[in-house]
Novice: 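Okay, handing you the structure first.
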Amino acid sequence: MLEIKYIRENIDTVKKALENRGGKANFDTFIDLEKKRRALLKEIEALRHSRNTVSEEIAATKRAGGNAEKEIIEMREVSDRIKELDKALNETEEGINSFMISLPNMPHSDVPPGLTEEDNRLEKQVGTPRTFDFDIKPHWDIGENLGILDFARAAKITGARFPLYLGQGARLERALINFMLDIHTMEHGFTEALPPFIVNRKSLTGTGQLPKFEEDLFKLEGWDYFMIPTSEVPLTNIHSDEILAEKDLPIRFTAYTPCFRSEAGSHGRDTRGLIRQHQFNKVEMVKYTTPETSFDELESMLASAETILKRLGLPYQVITLCAGDMGFSATKTYDIEVWMPGQDKYREISSCSNCGDFQARRANIKFRREGAKKPEFAHTLNGSGLAVGRCFAAILENYQQADGSVTIPEALRPYMGGAEVIKK
RNA sequence: GGAGAAAUGGCCGAGUGGCUGAAGGCGCUCGCCUGCUAAGCGAGUAUGGGGAUAAAACUCCAUCGAGAGUUCGAAUCUCUCUUUCUCCGCCA
């Protein structure tokens with residue numbers, strides 16, 4: 001959410017920023033509502049003031065044993081009038097709020113303009129894709145041949161786009177989770193969390209998934225609860241409605257959770273394999289920072305995610321998303337794309353975003369500077385560290401052997417009971 | 001699931017219709033005092049919004065879990081919801 005005063009005073013900047021990311025909104029209605037709100041507020045406050053003062057007089061009169069009938073009748077009318085105006089004010093504020101809450105964040109000045117992924121900016125490529133002297137396979141074939149992935153049975157249990165890992169496959173997924181969590185907690189200063197996998201509407205509104213993207217979520221029948229699409233939601237809401245101390249910042253959380261997405265509108269895309277599932281595992285990083293450190297923290301979050309890929313020996317590239325390709329809440333986003341030889345391209349495996357104070361305003365996350373009276377909005381960041389299923393897929397494809405086996409990256413072997421290879 | 005109790009400021013806790021944005025205590029901040037990691041004394045210490053201002057000072061409105069109601073007036077009375085606690089039942 002943007003600041004109401006800021007929108008009012010910088011309407012053209014806001015409009016332009018919105019257009020840059022391909023959105024539009026009716027600002028004229030908003031301006032009218034805003035004017036109306038302040039007019040109503042002024043009138044209501046004046047009436048309340050007179051009610052407060054006269055009520056005190058009535059109390060004094062009564063205490064002295066006098067008669068205040070005239071004032072009481074007068075105030076009865078005032079109260080009725082306040083009630084009417086209050087109703088109008090509530091409606092106005094609802095209009096303003098639903099407008100404000102539907103506006104995406106403004107892109108940072110460093111973000112390249114553009115509406116499609118064509119306009120994303122390549123920052124760097126790390127590692128050299130391996131050359132194969134045999135016919136390489138996509139990860140779903142490798143996994144199914146090894147008996148460690150079984151999409152057919154998963155479809156039987158639930159339906160399409162659900163994974164079933166078996167044997168060394170299940171173990172590899174678990175190993176990756178532990179490997180990532182260990183690095184982030186022991187080397188990068190993150191506190192591990194294990195949050196709820198189901199969250200309420202307020203939390204999803206705080207991080208920006210709601211109200212606009214409800215169709216992307218799995219909702220629980222009979223409850224106003226949703227399966228989390230990412231642990232960004234519970235982690236960023238840990239400190240919602242709180243005022244943090246400056247000395248406690250930055251606060252860094254990491255968590256493993258499964259994530260659940262309806263993938264509405266992506267029919268026919270990535271229909272095979274682990275790339276696009278309704279349920280997938282992810283290790284997430286979330287930070288709460290001061291405004292002046294958030295972009296540095298974004299760099300270090302990116303580095304934290306890169307560490308995982310480097311240790312696993314997976315080639316990748318980093319891109320800065322253009323304005324139109326960023327998520328709703330982000331002001332700047334880096335995507336990390338891992339090399340997938342089976343598909344002969346780089347695929348997203350992590351997305352690290354600085355949300356500035358956008359989520360903090362929605363979720364009411366503040367901090368107080370040492371000695372300062374007024375609290376300020378904190379900045380929040382989130383990033384994958386990494387998407388576990390996609391990492392699993394990348395390992396299968398990058399470490400496949402001619403005989404159909406998969407070499408386990410060295411860094412992962414302690415987490416695999418010392419195993420060096422997955423074979424039939 | 002059944003029965004009961006509760007929700008007040010950073011924390012503890014008083015307050016059952018007006019003089020209570022809220023006693024008292026603790027904590028914290030600043031100052032004073034004190035020859036010693038203490039005690040004492042004084043002052044300050046919620047959040048949001050409107051107005052005012054160069055910015056402040058200042059001023060007004062709202063907030064005692066949330067929402068609705070009664071009343072001239074609600075922390076206090078009524079209703080609904082949420083959460084917590086106790087007992088019973090069930091359960092990984």
Side-chain angles (χ1 to χ4, degrees), chain A residues 1-9 30-101 194-206 210 220 222-226 234 237-249 251 258 288 357-378:
Chain A
M1 195 154 58
L2 309 175
E3 187 185 5
I4 193 160
K5 216 186 258 174
Y6 181 86
I7 302 178
R8 199 199 299 152
E9 288 162 10
F30 165 76
I31 291 292
D32 287 347
L33 283 173
E34 229 294 290
K35 273 190 192 141
K36 194 174 164 196
R37 177 183 78 95
R38 277 181 296 158
L40 281 168
L41 201 57
K42 227 173 164 175
E43 198 178 346
I44 289 174
E45 287 191 353
L47 287 171
R48 279 192 174 138
H49 179 57
S50 84
R51 184 178 71 184
N52 287 346
T53 1
V54 175
S55 286
E56 265 172 52
E57 286 166 24
I58 293 171
T61 309
K62 287 203 161 181
R63 240 179 283 127
N67 187 322
E69 205 46 43
K70 185 170 148 265
E71 285 80 3
I72 288 177
I73 290 167
E74 226 173 87
M75 285 306 104
R76 200 170 287 161
E77 280 166 27
V78 170
S79 269
D80 287 346
R81 179 77 182 135
I82 290 175
K83 233 171 250 179
E84 274 171 44
L85 292 173
D86 241 339
K87 209 177 151 197
L89 180 66
N90 278 340
E91 281 164 15
T92 310
E93 285 185 335
E94 263 170 44
I96 292 170
N97 193 40
S98 64
F99 175 85
M100 300 268 297
I101 220 164
L194 185 55
F197 302 163
I198 294 172
V199 292
N200 60 28
R201 184 172 292 275
K202 190 178 176 216
S203 292
L204 285 156
T205 307
L210 291 180
L220 270 65
W223 297 71
D224 208 21
Y225 289 172
F226 301 81
N237 277 287
I238 288 175
H239 292 301
S240 64
D241 289 319
E242 289 185 24
I243 299 171
L244 305 163
E246 184 185 16
K247 67 174 163 53
D248 294 333
L249 300 179
I251 294 172
Y288 302 72
D357 65 4
F358 185 84
Q359 292 180 323
R361 285 180 189 284
R362 295 178 152 242
N364 191 24
I365 303 161
K366 299 190 165 176
F367 78 100
R368 200 191 315 268
R369 289 183 196 279
E370 215 73 48
K373 202 165 158 57
K374 284 264 169 210
E376 300 170 44
F377 286 109

Novice: May I ask you to verify if any side-chain N or O of A:Ser79 is less than 4.0 angstrom from the OP1 or OP2 atom of B:G73?
Specialist: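 Indeed, a polar side-chain atom of A:Ser79 lies that close.
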Novice: Would A:Ser203 and A:Asn200 count as having a side-chain donor-acceptor pair, cut-off 3.5 Å?
Specialist: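 Yes, because at least one side-chain N or O of A:Ser203 sits under 3.5 Å from a partner of the opposite role on A:Asn200.
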Novice: Is the shortest side-chain N to carboxylate O distance from A:Glu84 to A:Arg81 below 4.0 Å?
Specialist: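 Result for this pair is yes, salt bridge flagged.
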Novice: If a protein heavy atom is under 4.0 Å from the base, mark B; if only from the sugar-phosphate, S; if neither, -; do that for nucleotides 45-52 of chain B going 5' to 3'.
Specialist: --SSBSS-
Novice: Please measure how far the C1' atom in B:A5 lies from the corresponding atom in B:C72, and state the result in whole Å.
Specialist: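 Approximately 35 Å lies between the C1' atom of B:A5 and that of B:C72.
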Novice: C1' atom, B:U20 versus B:G27: distance in rounded Å?
Specialist: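 The same atom, C1', in both gives a distance of 23 Å.
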Novice: Any protein N or O atoms within reach of nucleotides 63-69 of chain B? Criterion: under 3.5 Å, listing atom names and distances.
Specialist:
none

Novice: Taking atom OH of A:Tyr225 as the centre, report whether more than 12 heavy atoms of other residues, nucleotides or ligands fall under 6.0 Å from it.
Specialist: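 Count not over threshold, so no.
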Novice: With rounding to whole Å, what would you report as the distance between B:C19 and B:G35 at their P atoms?
Specialist: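 Going atom to atom, P in each nucleotide, I get 48 Å.
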Novice: Report the residue (A:Glu56 or A:Ala46) whose heavy-atom-nearest nucleotide on RNA chain B is the more 5′ of the two.
Specialist: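 So the residue in question is A:Glu56.
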Novice: Treat a base pair as Watson-Crick or G-U wobble with both distances under 3.5 Å, then lay out RNA chain B in dot-bracket form, 5' to 3', with | for cross-strand pairs.
Specialist: ((((((((.[[[..)..(.....]]]((((((.......))))))((((((......)))))).[[[[[..)....]]]]])))))))....
Novice: Where each residue is assigned the nucleotide of RNA chain B containing its nearest heavy atom, which of A:Arg48 and A:Ile58 is assigned the position nearer the 5′ end?
Specialist: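 Result: A:Arg48.
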Novice: Pick the P atom in B:C91 and in B:U84, then give their distance to the nearest Å.
Specialist: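 My reading of the P atoms in B:C91 and B:U84 gives 22 Å.
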Novice: Just by modelled atom types, is the A:Ile101 backbone N or O under 3.5 Å from a matching donor or acceptor in the A:Arg362 side chain?
Specialist: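 Present.
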Novice: Given the P atoms of B:U8 and B:C64, what is the spacing between them in whole Å?
Specialist: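 Comparing P positions in B:U8 and B:C64 gives a spacing of 12 Å.
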Novice: Should the ring pair A:Phe99 and A:Phe30 be called parallel, tilted or perpendicular, given that the plane angle runs from 0 to 90° and is split at 30 and 60?
Specialist: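 Judged by the thresholds at 30° and 60°, the geometry between A:Phe99 and A:Phe30 is parallel.
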Novice: When you compare B:G48 with B:G73, how far apart are their P atoms, in angstrom units rounded to a whole number?
Specialist: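 So the two P atoms sit 29 Å from each other.
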Novice: Write down the distance separating the C1' atoms in B:C12 and B:A7, rounded off to the nearest Å.
Specialist: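 One C1' to the other, the span is 14 Å.
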Novice: If we take the P atom in both B:A6 and B:A14, what is their distance in whole Å?
Specialist: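 12 Å, rounded to whole Å.
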Novice: Does the side chain of A:Glu91 reach to within under 4.5 Å of the side chain of A:Glu94, using non-hydrogen atoms?
Specialist: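 The answer is no, as the side chains (C-beta and beyond) never meet within the 4.5 Å cut-off.
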Novice: Could you walk me through whether A:Val78 and A:Glu74 satisfy the side chain to side chain contact (heavy atoms under 4.5 Å, CB included) test, starting with their C-alpha distance in whole Å, then the side-chain angles of each, then the deciding distance to 0.1 Å, before giving a yes or no?
Specialist: CA-CA 7 Å; A:Val78 170; A:Glu74 226 173 87; 5.7 Å; no
